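One structure is given here, and the rest of the page talks about it.
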Amino acid sequence: MSLGRSLIRVGAEERVRGRTVFGYDLERPGDLHLAAVRADQAPARILAIDPGPALALPGVLRVFTAADIPGENRLGIIASTRDHEFLAQELVRQQGQAVALVAARTLAQAQAGARAVAVAVRYQPLPGVFDPAQALREGAPLVHPERPGGNLLHERRIRRGDAEAALRDSAVVVEATYTTSPLEHCALELEGGRAEYVDGRVVVAACTQNPHYDRQDLARFLGVEPERVRVIQAETGGGFGGKLDLSLQPFLALAAWHLKRPVCMRYTREESFRATSKRHPLVMHFITGADEQGCLTGLQARILCDTGAFASYGLAVNMRAAVHASGPYLVPHLDVVSRAAYTNNPFTGAMRGFGVPQIALAHEGQMDALALALGRDPLELRLRNALRNGQATGTGQVLHSGVGLARCLERLRPIYRRWQARAASGEDFREGVGLAAMFYGIGNTGVSNPSTAQLEWGTDGRVTLFTGAAEIGQGSDTVLRQLAATRLGIPVEEIDLCRGDTDRTTNAGATSASRQTYISGNAVLAAADNLEMQLVQAARQMLGQHHLELELRGGRLAAPDGRSLAPAQVARYLTGQGRRARGAGRFDPNFSGLDPDTGQGRPYAAYAFAAQCAWVRVDTDSGLVRVKEVAAAHDVGRAINPRGVMGQICGGVAMGLGMALMEQFRFGQTDNLHRYHIPTFLDAPRITPLIVEEAEETGPYGAKGVGEPALIPTAPAVAAAVGRAVGRPLRHLPISLERVMAALTHEEAEHAN
Amino acid sequence: MSRFIHAASLAEALAALASGQGRVLAGGTDLMVALRAARLSGGELPAELVDVAAVPELQQLELEGPAPLVGAGLSFARLAADPGVRARYPLLAQAAASVGSPQVRHRATIGGNVANASPAADGVTALAALGAVAVIASAQGQRRCPLGELISAPYQTTLRPQELILGLALDPLPARTGQVFAKVGRRQALSVARLNLAVCLDERLQDPRLALGACFPTPRRLAEVEALLRAGRPGPALWRAAGAQAADHFTDVCGWRESAAYKVPAIRRVTARTLAQAWALLGGEA
């Protein structure tokens with residue numbers, strides 16, 4: 001039985017020994033090298049690009065511009081907002097946007113060529129807009145002038161009941177504005193890949209979170225049928241949403257297509273910072289009410305997302321921010337408006353949590369403000385309002401099972417109380433303990449997002465799992481095999497994996513939205529069901545007993561009378577008939593779209609819940625915050641691989657700590673790992689992961705997801721803890737030395753008055 | 001492409017530098033980063049790199065006696081761990097331990113820290129408090145130059161291309177001192193100091209030393225604060241007054257810029273605390 005066992009991850013040993021071949025490592029001798037030419041100013045109109053000086057350099061073979069794109073230049077995963085020009089056509093909309101691509105014999109020659117092109121581009125500067133609120137004002141410069149709707153990318157309203165009246169009648173009302181900063185994913189592996197032209201097809205191997213989508217958009221880019229593009233997901237060293245959009249794959253495909261030669265490309269860390277998406281910075285204005293007993297009465301929220309120069313996943317982030325604005329609580333009356341605006345800032349897109357880590361800062365800050373106003377304990381106040389099985393979310397979706405928030409809070413309670421009792425203060429330090437909760441809808445918001453998978457029983461007795469689900473370090477290779485092994489009743493070691501090659505697998509959707517365990521896991525179970533059915537039918541034929549009762553048990557086809565048959569034998573029988581023992585499965589979550597006006601609907605089939613508490617020490621002389629402890633209780637439905645779950649939780653907490661305390665992307669200023677600070681090992685607190693299993697009835701063996709939830713409560717919990725320590729709420733991320741000092745000196749000034 | 005010259009002795013290193021075309025490569029933790037940036041931007045690379053990591057004359061460490069000297073080629077890892085440094089110049093050992101990460105500390109040298117001349121250099125703030133004078137060698141001979149004259153501006157020194165820092169001569173200190181190096185960064189490792197401070201107090205406050213870094217164009221000793229300390233009675237009131245004076249000095253020199261909202265209270269408080277800690281090491285009341 002492999003379910004619930006902490007099996008060592010597929011590929012762990014290769015990674016530890018340094019043998020894994022990542023997308024970055026795919027270069028082969030003789031490959032041509034590519035380098036992008038990136039705009040150093042924006043917005044601007046391109047007047048001319050002179051490839052001449054570059055082409056005169058040794059080794060430079062070709063300079064590509066937008067004119068060389070055979071198909072559509074505008075790509076993007078969300079079909080209604082495709083606007084990302086991989087080579088700027090006429091307008092440069094953000095700094096760092098690629099305007100040309102150089103192919104050369106060596107990397108140094110390609111880079112020299114790119115520099116030569118860069119100085120030979122003539123731009124006409126244009127007025128830009130760099131603040132989302134200004135972008136939505138009348139007369140603001142338009143980021144996409146040709147686009148109807150101006151700079152407003154998307155607006156999502158969620159209305160339920162009468163929030164205004166509810167707030168008017170509330171015993172307490174708290175109102176505040178919260179903001180977050182643009183963040184970079186900082187996956188350990190930089191973008192890298194290779195492409196070649198084989199028999200009229202382009203084959204692209206690169207790091208990615210979504211190989212089947214890549215293939216569709218690359219075909220669109222080249223103006224060919226998808227069959228003429230093959231995408232192979234290279235081993236991918238982390239993504240966190242940063243490898244969901246296409247990065248260098250269009251460049252690889254374009255060059256291989258034209259030159260008919262193998263090409264490779266890699267980003268430097270600086271290029272990765274400048275060229276890929278960032279986390280959306282949000283401005284969140286929240287008004288929240290409660291009655292005397294501390295029950296939430298109503299919420300009015302106004303949210304503004306800066307989507308930068310391209311839409312990317314902006315629509316999804318905006319929707320999620322709105323849907324999750326209520327937090328994991330019963331809120332009878334809601335009025336939420338979330339808007340995403342284009343600016344000429346670096347484009348923002350998917351990053352672990354799609355807007356929910358940002359929105360959690362606001363809903364949790366409000367819960368703490370209410371607790372303070374009511375004189376109630378923050379944990380008990382959350383428990384009082386926590387969603388329960390049978391209750392409805394802010395979109396009116398009644399949750400029948402799998403609502404584990406109360407259990408998460410109860411698991412935390414003794415730890416929270418102990419830390420509260422132990423938190424100390426001294427002459428030059430103060431400690432605080434903070435708490436935060438979250439819920440997170442698994443899968444894409446209010447749209448179909450199916451996964452498919454196949455399982456084949458070989459004549460040698462081994463089973464192969466075919467999946468398009470990208471493994472990016474999160475563990476799907478392991479978890480999907482565990483699920484298949486459990487359903488087929490065989491040891492996990494007997495399952496081979498074929499993953500992420502568009503010629504050999506089918507679409508599993510993106511590795512995003514914490515969806516692969518729940519959605520692809522269900523697709524794998526459906527494939528196993530289908531495989532069993534086929535094996536049973538074939539066995540009946542083989543034995544000539546057409547009504548024989550058979551089922552797959554313990555890895556064998558078993559009859560009620562105790563006789564059994566090896567599936568491999570049936571596979572051999574099928575092979576003799578020119579067939580294969582192959583089952584196919586598909587799963588699409590049970591969803592409904594959101595009402596365009598009220599936002600009511602069933603955006604997700606399943607939700608994960610979590611609560612975390614943090615214990616911090618603030619140095620009151622320097623403003624330095626040190627997170628001592630974090631306890632993280634996560635309702636994952638069912639832990640298919642408990643160690644994998646704990647790994648996700650610990651990683652999420654570390655990443656959330658960076659968001660809380662130090663991360664902030666500024667183009668040209670913090671675009672390397674020297675200037676852009678992420679937590680080091682020394683910054684990591686002691687982390688106590690707590691697994692809560694409130695089964696989701698539609699999940700594979702009850703499982704939901706944990707990839708993004710792991711991160712979401714951390715920043716609000718740390719913010720609450722720091723706020724408790726310094727005696728003032730901290731509503732803006734990151735909580736830098738300067739912000740802590742401002743809170744401390746503000747308090748001093750108040751005392752002085 | 002640069003020519004790479006491995007120098008096995010001081011004579012070889014100085015001979016290689018005599019052309020004026022060479023750049024000194026010690027630990028490389030600053031230089032390699034700069035060279036990579038230059039390569040990527042198509043900037044100019046030095047004609048020659050003179051690797052001095054193996055030059056034995058740069059590895060001297062003389063702590064006893066009237067003329068203490070720290071070899072320029074000593075790594076931060078060595079300075080942080082050396083029992084003599086920890087006993088005689090603990091603030092230097094603490095500063096060394098606060099630099100970068102273990103990997104960086106094993107490569108980076110104190111001489112390189114001086115030559116790179118970052119306003120936030122932890123080693124330089126520590127050396128400033130210890131009255132360091134650079135001993136500089138070239139094929140023409142040796143000269144001595146106080147740290148404050150050697151480092152002329154952020155990332156600029158008066159070193160000539162033919163010259164190499166041989167070592168840093170330190171002031172001899174009384175037998176008993178209280179020394180503390182304090183650093184504030186944005187994270188616990190691999191962090192450029194937002195503020196660093198080196199304090200050395202003697203029992204009678206006859207020769208108090210206080211240097212502040214990451215606040216001025218170059219790390220510097222604060223003579224006015226030291227004078228205040230010499231004249232005052234040790235205790236919390238004096239430490240607070242010294243902190244306030246250090247913060248005043250910062251605004252006098254740098255004006256009220258945006259960073260002052262943080263720096264002024266931080267300098268005030270961290271200075272007072274560091275002085276109290278140094279005094280407590282002498283058995284005094286904090």
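Convention: sequence-line order gives letters A, B, ...; per-chain numbering from 1. These numbers come from a predicted model, not from an experiment.
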Sorted by number, residues from residues 30-42 of chain B in contact with chain A (heavy atoms, under 4.5 Å): B:Arg36, B:Arg39, B:Leu40, B:Ser41, B:Gly42

Shortest non-hydrogen separation from A:Leu682 to B:Ala189 and the atoms involved: CD1-CB, 3.8 Å

Under 4.5 Å from any heavy atom of chain A - which part of B:Val184: side chain

Atom CZ of A:Phe681: over 12 foreign heavy atoms under 6.0 Å: no

Donor-acceptor pair, side chain of B:Arg187 and main chain of A:Ile678, under 3.5 angstrom: yes

Nearest-0.5 Å distance that lies between atom CZ in B:Arg273 and atom CG in A:Asp621: 4.0 Å

Minimum heavy-atom distance between A:His674 and B:Val192, given as atom pair plus value: CE1-CG2, 3.5 Å

Taking every non-hydrogen atom, the tightest pair across A:Ser736 and B:Arg186: CB-NH1, 4.0 Å

Contacting moiety of A:Asp619, where chain B heavy atoms sit under 4.5 Å: side chain

Greater than 12 external heavy atoms within 6.0 Å of A:Arg269's CZ: yes

Under-4.0 Å salt bridge between B:Arg194 and A:Glu738: yes

Heavy-atom pair with the smallest gap, counting every atom of B:Arg269 and A:Thr745: NH2-CG2, 3.8 Å

Whether B:Tyr262 side chain and A:Ser622 backbone form a donor-acceptor pair below 3.5 Å: yes

CD (A:Glu427) with more than 12 external heavy atoms under 6.0 Å: no

Among A:Thr680, A:Val740, A:Asp683, residue most engaged with chain B (heavy-atom pairs, under 4.5 Å): A:Asp683

From OG (B:Ser191) to CG (A:Leu624), nearest 0.5 Å: 8.5 Å

Heavy-atom pairs under 4.5 Å with chain B, option from A:Arg626, A:Gln111, A:Glu270 with the top count: A:Arg626

